[in-house]
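Quick note: numbers below take in every heavy atom, side chains included, and nothing from hydrogens, waters or symmetry partners.
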Amino acid sequence: VDRSFVRTMNSRPQSRKIAAAVVGLGHSLGLTTVAEGIELKEQAEMMLALGCDLGQGWLFGKPVAAEFLPLLAAAPPHKTMVDPIIANTEWVVNSLESMPTQRYAQLQAIYNAAPVGLCFLDRNLRYVSLNRRLAEMNNMPMAAHIGSYVGDVIPQIFPYLEPFMRRALAGESIKNVEVTKPPTEECHPGRTLLIAYQPAFDEAGEIIGISVVILDITERKKAEDALQEINEHYRHMVELSPHIPWILNPDGNLVDYSTRWEKLTGLTKEKTINWGWINGLHPEDRQRTIDMLRQHLASGLPIDFEYRVGTMDGQWRWMRTRGVPLFDDNGKIVRWYGTLEDIEDQKRTMDLLQKSQGRLQAIFEAAPVCILIADAPDGTLTMANSMARQFLPQLALPGPKISNYRDWWVAKRLDGSELKNEEYPLARAVLHGESTSDRELVILPVGGHETPMHVSAAPICGSHQEILGGVLVFQPPEEFKRARFGFQQLMDDLREALVGSRIGGER
């Protein structure tokens with residue numbers, strides 16, 4: 001490479017391009033290239049960047065007399081020969097290992113193997129090179145791109161992208177430009193692209209074009225949109241759910257929860273996260289709740305306990321919290337997931353149920369008559385008051401079904417004929433919902449004596465008139481005459497109490 005080009009290559013682009021062409025020609029012919037007239041370090045580094053093999057000039061040594069030649073030959077290599085780089089770029093290149101022809105082959109292999117679209121644009125925004133992936137994205141042959149303007153290849157999105165390209169030509173590195181490419185008339189679906197523009201510099205640091213990387217994120221975008229939609233649906237379901245979901249970290253700190261907590265208690269997020277939610281509990285329940293929670297955090301056993309929470313209107317409502325731990329592969333707890341459920345209405349229902357059951361039990365035991373209660377559908381005897389147990393001493397509860405009534409006591413008509421199992425007043429109440437009032441029968445308990453009795457039976461029906469069971473009341477005629485005026489009220493009270501206890505969920 002003649003010294004005239006080497007001397008001016010740092011100031012004249014034409015000289016630099018001629019020097020590069022000479023070096024490329026030498027390597028393509030398999031010749032060793034030598035740059036003469038190197039006097040500056042910058043000249044040596046630039047020739048190395050161009051792939052030149054050897055350099056000669058005053059930078060390495062000036063002419064000396066013959067006797068000094070051994071010293072010159074023994075001198076260590078110049079530092080410039082050890083650590084060459086391409087100036088003004090982020091790409092470090094060892095030019096002695098990557099000659100121009102080798103670089104082309106390497107770049108071509110990278111281009112074709114890349115899973116993303118790659119291209120190089122000149123300063124006029126024309127395609128200089130590209131890979132197959134980008135040609136597929138544009139649905140256009142690779143050869144048709146070369147020399148074409150970007151605006152002609154992608155006219156639909158070019159107006160949006162051109163300002164980014166101009167900024168890159170001004171030296172700005174631009175990343176994460178997202179654009180949606182609309183579908184074409186050829187039925188090619190629309191695609192979502194993520195683009196990066198990187199200015200490309202020559203050896204002197206001048207911008208010669210733009211390197212472009214294009215990633216097709218259509219499927220990822222669809223997945224993100226689908227995930228976002230799922231999250232929105234989930235959040236909507238959470239907000240509509242009567243329960244309040246929550247998440248604790250392994251230390252018991254509250255990290256996430258439904259906004260329904262704030263609507264219920266009026267406590268903000270700042271006052272709720274970590275252990276702040278404890279302040280929303282009834283003072284009598286706080287320490288107990290803390291102690292139980294710490295026990296579960298240590299043991300890893302599922303959470304299930306109750307406490308009272310203060311509401312915005314100044315009331316206290318009973319809540320039930322339940323949760324389970326999530327373990328990692330090593331068996332270590334990484335999260336706790338659970339819900340908070342409002343059970344105030346259930347508590348009230350249970351209180352009413354207990355009162356109803358207490359009333360039933362009081363009526364049941366205080367009544368001066370024999371009372372038997374059976375469940376549907378088979379008429380199994382489930383309850384008997386003290387007078388009934390005295391009259392039927394061998395009766396054990398749960399007692400016989402309808403099919404076995406006659407094995408425990410025999411019911412006869414006044415003419416002496418015996419009733420079949422399904423004809424017993426209690427059986428008719430359970431099977432058919434029939435009521436029997438003031439019927440006089442003769443009852444013979446197992447191991448007992450025949451006793452005339454006044455018998456009444458009635459079905460126990462639910463809120464939808466379904467038969468839940470039946471009640472049977474019987475007593476001797478003389479007792480019946482003394483208590484007949486309160487007998488009907490007794491039956492009504494029994495049915496009301498029994499229906500209340502069964503609707504409440506207790507048998």
Side-chain angles (χ1 to χ4, degrees), residues 85-86 88-95 97-169 171-202 207-231:
I85 63 170
I86 295 178
N88 300 322
T89 71
E90 297 177 356
W91 187 14
V92 179
V93 178
N94 187 335
S95 298
E97 296 178 358
S98 299
M99 298 298 104
T101 53
Q102 294 174 324
R103 293 181 200 163
Y104 176 78
Q106 293 170 1
L107 291 175
Q108 191 66 33
I110 293 173
Y111 252 47
N112 292 330
V116 298
L118 300 172
C119 71
F120 183 81
L121 307 176
D122 64 16
R123 293 192 60 85
N124 295 317
L125 301 183
R126 293 180 299 185
Y127 289 95
V128 177
S129 63
L130 74 157
N131 68 348
R132 294 190 184 92
R133 181 68 182 119
L134 181 57
E136 294 171 356
M137 290 181 182
N138 291 338
N139 190 40
M140 184 174 176
M142 294 178 64
H145 283 77
I146 304 302
S148 299
Y149 290 95
V150 177
D152 295 334
V153 177
I154 50 174
Q156 308 98 325
I157 58 176
F158 178 72
Y160 174 74
L161 297 177
E162 184 181 10
F164 298 104
M165 299 179 190
R166 299 296 179 189
R167 288 164 55 187
L169 287 174
E172 183 180 351
S173 178
I174 302 174
K175 301 177 181 179
N176 300 326
V177 178
E178 185 175 319
V179 62
T180 299
K181 192 175 182 181
T184 63
E185 296 180 355
E186 293 81 8
C187 298
H188 294 285
R191 314 298 293 178
T192 302
L193 307 176
L194 193 64
I195 307 176
Y197 297 103
Q198 180 70 33
F201 301 87
D202 65 5
I207 296 175
I208 59 175
I210 310 171
S211 177
V212 185
V213 180
I214 305 174
L215 176 63
D216 188 336
I217 60 171
T218 303
E219 299 304 321
R220 189 184 80 184
K221 196 69 175 177
K222 289 181 179 178
E224 290 176 351
D225 293 342
L227 180 60
Q228 179 65 27
E229 184 177 359
I230 292 173
N231 287 338

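Under the salt bridge (charged side-chain N to carboxylate O under 4.0 Å, His left out) criterion, Arg132 pairs with no residue at all, not counting sequence neighbours. Residues meeting the side-chain hydrogen bond (donor to acceptor under 3.5 Å, both in side chains) test with Ser129, sequence neighbours left out: Tyr111. Lys221 pairs by the salt bridge (charged side-chain N to carboxylate O under 4.0 Å, His left out) definition with Glu178, not counting sequence neighbours. When the ring-ring contact (aromatic ring centres under 6.0 Å, His included) test is applied to Phe164, the partners found at least two apart in sequence or on another chain are Tyr160. With sequence neighbours excluded, no residue forms a side chain to side chain contact (heavy atoms under 4.5 Å, CB included) with Ala223. For Glu136, the side chain to side chain contact (heavy atoms under 4.5 Å, CB included) criterion is met by Arg133, not counting sequence neighbours. Applying the side chain to side chain contact (heavy atoms under 4.5 Å, CB included) rule to Asp152 yields the partners Tyr149; only residues at least two apart in sequence or on another chain are considered. Scanning for side chain to side chain contact (heavy atoms under 4.5 Å, CB included) contacts around Lys222 gives Thr218, Glu219, with sequence neighbours left out. The side-chain hydrogen bond (donor to acceptor under 3.5 Å, both in side chains) check on Asn138 picks up His145, Lys181, with sequence neighbours excluded.
For the pair Leu193/Leu215, no side-chain contact is recorded, criterion being any heavy-atom separation below 4.5 Å from C-beta on. Using a 4.5 Å heavy-atom cutoff, the side chains of Val177 and Leu161 are in contact. Residues Tyr197 and Val213 fail the side-chain proximity criterion, which asks for heavy atoms closer than 4.5 Å. Contact check for Val212 versus Leu130: no side-chain heavy atoms found under the 4.5 Å cut-off. Put simply, the side chain of Asp216 reaches to within 4.5 Å of the side chain of Met137, judged on heavy atoms. Two residues are said to be in side-chain contact when any heavy atoms from C-beta on lie closer than 4.5 Å; Met140 and Val153 meet this criterion.
Closest of all the heavy-atom pairs between Pro141 and Ala135 is C-CB, 4.4 Å. Minimum interatomic distance between Ala168 and Pro199 (heavy atoms only, all atoms of both residues): O-CB, 3.2 Å.
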Task: Check against side-chain contact (heavy atoms from CB on, under 4.5 Å), Arg191 and Ile217 - done: CA-CA 8 Å; Arg191 314 298 293 178; Ile217 60 171; over 6 Å; no

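Once rounded to the nearest 0.5 Å, the distance linking CD1 of Ile174 with CE of Met165 reads 10.0 Å. Going from atom CD1 of Ile146 over to atom CE of Met142 covers 7.0 Å, rounded to the nearest 0.5 Å.
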Please set out all donor-acceptor pairs under 3.5 angstrom arising from side-chain atoms of residues 114-125, sequence neighbours excluded.
{"from": "Asp122", "atom 1": "OD1", "to": "Asn124", "atom 2": "N", "distance (Å)": "2.9"}
{"from": "Asp122", "atom 1": "OD1", "to": "Leu125", "atom 2": "N", "distance (Å)": "3.0"}
{"from": "Asp122", "atom 1": "OD1", "to": "Arg126", "atom 2": "N", "distance (Å)": "2.9"}
{"from": "Asp122", "atom 1": "OD2", "to": "Arg126", "atom 2": "NE", "distance (Å)": "3.1"}
{"from": "Asp122", "atom 1": "OD2", "to": "Arg126", "atom 2": "NH2", "distance (Å)": "3.3"}
{"from": "Arg123", "atom 1": "NH1", "to": "Ile207", "atom 2": "O", "distance (Å)": "3.1"}

